[in-house]
Amino acid sequence: MKRIKYQKGQTLVLLLCLFLYASLTVSAAPSIEGNTDLTSVTDETVSADYVITNEKAMEHVSITLSYDKDVLTYLSGSGGNNFAGNGGNGTVQLSSAPNDTTTSFSVRFRGKEDTDTSVQITACMITVDGTEIDVLNPEEGTSSEGDSDEDTAEGDEEDDERASFVIDDRTFYVRRPDDIDGFEAVHLDIQGIDSRVLKHQSLDLYVVRLRSDNGSYRDDFVYNPDSGNVIPYVQMKSGTDSVIFIEPEENGYKPTRYSYVDMPWGPKYTIPAYKHVIIDGVDEIFDDTNRYLIYGINQDGEKAWYSYDYDKESLQAFDDMAYQGEQNYILELEEAVDGMRSESANLLKRYDTNMGRRLNIILVMTILIIVLLNVVVIMYLRMRKMQMLPESEEEEKEEIKEKPKKSKPKQSSFVTGSLEENETDFQEPEEEEEIELEIIDLDDLDDEE
């Protein structure tokens, strides 16, 4: 009896320990909460938030969402440290490095119609102490968006044995791609390495899966075997066409007055595009709109240019004929304006030349006239002076004639000669006018005194 009670006690203790262990295990498992049911309103913004928690700090978190692309259009995502996100064609991929026990993401959509819809969480991976954990299936251990299958299929292949690409100064390695509708898995020689890629079932189009060297980014890219380049895999609707962005053909046609740019796509990626420019003299100035020309291929294999509105995330076929006709008309106007400008410049040059000649002639004539005037004035003054001299002489003569004779003062006459008594030595004084002399008696003067 005591032994039965003892065994029952041990069983209870064992059950209690198992219960505590189970509770600890459950509490230690990561969890994710978020919106799965949304209400779409035409042309209105719809938001969805998701929170991932774990007992230990998470080094990296990634989440993949699936939505109905006929009802919603992906706008943007946010959240966490070192956030990265992109979306389109019914799929959204978000990631961050929170280094915390909790992280959150927010996604914004634009509604296309008024209806109820849902957003499914198709994958959520966290990295804790260097170990990847599938939040949706934690009991399966480490796996990351098909990486477990890849490890099974490809073994312990090192990154050095994989084809790689450098994007934004970070190395990305080719991984086993996920399944995409309309594509099938094939093997392709990339950089001399046999790699598994996805090939479109009806188009000559290849998609590779790239993973960054630190595991933070895992995205699909369109691979161009001719150039060996990759661009982010983007599939959008343009009317009734399903268009996939591809790299523009080398030395292919591009519309006039468009210059190459790298259109940003997500936090780290860019897509080759063209942007309209305005010619200012010899300079090219980009217009202030957020519209780009993207090269794409539709479901029928037709390659063409598409106008992409970055703000509205809308795509429409580029009417090249209408645009080129407009540009031809503008070019004709510009040629006409250039011709008028050239003719005006020639006329202005001729005018400047003629005016210069005229000014030189006027200047020379002015100088000649001034010289002639000076000569005339000088000659006139000389002639005037010559006329005045005879007149002055005649006036002086007339004045002399008209002036009465004045008596000359009496001059004393002296008799000169030697002291000797030689009379011949005496000279007679010159004859002078006879002057009547009055004889004055000195005695009479004395008497009068």
Side-chain angles (χ1 to χ4, degrees), residues 86 88-89 162-174 177 180 182-183 186-195 197-210 219-236 238 241-266 268-279 282-287 290-308 310 315-324 327-328 331:
N86 59 73
N89 197 34
R162 301 176 187 271
S164 62
F165 299 89
V166 177
I167 302 174
D168 193 23
D169 298 329
R170 183 173 291 280
T171 303
F172 285 72
Y173 296 95
V174 176
I180 300 178
F183 288 81
V186 297
H187 285 267
L188 186 68
D189 188 323
I190 301 177
Q191 301 171 4
I193 301 174
D194 183 59
S195 305
V197 301
L198 295 178
K199 183 184 183 302
H200 198 277
Q201 294 175 353
S202 60
L203 305 177
D204 188 19
L205 189 69
Y206 297 91
V207 174
V208 296
R209 180 81 170 173
L210 299 184
D219 297 292
D220 293 329
F221 290 79
V222 176
Y223 174 70
N224 186 348
D226 296 330
S227 64
N229 298 327
V230 294
I231 66 172
Y233 171 73
V234 180
Q235 186 173 9
M236 297 186 67
S238 175
D241 291 338
S242 179
V243 180
I244 298 175
F245 294 173
I246 61 175
E247 185 182 20
E249 297 176 355
E250 187 177 0
N251 299 326
Y253 166 78
K254 76 174 182 64
T256 58
R257 301 207 173 182
Y258 275 86
S259 292
Y260 179 85
V261 293
D262 288 321
M263 185 182 72
W265 192 264
K268 294 180 69 66
Y269 309 136
T270 59
I271 293 178
Y274 284 84
K275 192 171 177 61
H276 187 261
V277 294
I278 301 171
I279 307 299
V282 296
D283 298 328
E284 293 184 353
I285 303 174
F286 290 108
D287 63 18
N290 261 347
R291 300 186 69 88
Y292 297 85
L293 276 189
I294 304 293
Y295 201 59
I297 183 172
N298 63 9
Q299 69 281 351
D300 299 325
E302 298 173 346
K303 298 178 180 179
W305 290 100
Y306 292 86
S307 178
Y308 176 71
Y310 191 86
L315 189 72
Q316 62 183 8
F318 180 72
D319 192 347
D320 183 66
M321 294 184 63
Y323 173 79
Q324 197 59 45
Q327 292 304 309
N328 291 337
L331 289 174

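For the numbers below, each heavy atom of this structure counts, side chains included, while hydrogens, waters and symmetry mates do not.
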Measure the shortest side-chain to side-chain distance between L210 and Y173 over non-hydrogen atoms and say whether it is less than 4.5 angstrom.
no

E247: which residues meet the side chain to side chain donor-acceptor pair (under 3.5 Å) condition with it, sequence neighbours left out?
N224, S227, N229

Would you indicate whether the side-chain heavy atoms of V197 and V186 approach each other to under 4.5 Å?
yes

So Y310 and P264, do their side chains get closer than 4.5 Å, heavy atoms only?
yes

Report the distance from atom CD of Q235 to atom OG of S242, rounding to the nearest 0.5 Å.
3.5 Å

Heavy-atom side-chain contact between D194 and D189 under 4.5 Å:
no

Between Y260 and Y274, does the ring centre distance come in under 6.0 Å?
yes

Got a sec, which residues hit side chain to side chain donor-acceptor pair (under 3.5 Å) with S307, two or more places apart in sequence or on another chain?
R291

Please tell me if the side chains of Y258 and F318 come closer than 4.5 Å, counting only heavy atoms from C-beta onward.
yes

Determine the sole option in V243, I246, I271 for which the side-chain contact (heavy atoms from CB on, under 4.5 Å) test with V234 is passed.
I271

How long is the span from the CE atom in M263 to the OH atom in Y308, to the nearest 0.5 Å?
5.5 Å

Checking the side chain of Q191 only, and the main-chain atoms of S164 only, is there a donor and an acceptor separated by less than 3.5 Å?
yes

Sort out for me which residue in Y233, F183, Y223 forms a ring-ring contact (aromatic ring centres under 6.0 Å, His included) with H200.
F183

By side chain to side chain donor-acceptor pair (under 3.5 Å), D219 pairs with (sequence neighbours left out) N86, Y269

Residue pairs passing the salt bridge (charged side-chain N to carboxylate O under 4.0 Å, His left out) test with at least one member in residues 163-174, sequence neighbours excluded, are D168-K268, R170-D213

Tell me if the CD atom of E250 is crowded by more than 12 foreign heavy atoms within 6.0 Å.
no

For residues T270 and I231, determine if any side-chain heavy atom of one lies less than 4.5 Å from a side-chain heavy atom of the other.
no

NZ of K254 to OH of Y295: how many Å apart, nearest 0.5 Å?
13.5 Å

Heavy-atom distance under 4.5 Å between the side chains of F245 and M236, does that happen here?
yes

Those residues that, when tested against D300, pass side chain to side chain contact (heavy atoms under 4.5 Å, CB included) (two or more places apart)
N298, E302

Report yes if the side chains of I244 and L205 come closer than 4.5 Å at any heavy-atom pair, otherwise no.
yes

Report the residues that fulfil side chain to side chain donor-acceptor pair (under 3.5 Å) with Q299, sequence neighbours left out, ordered by chain and then residue number.
D241

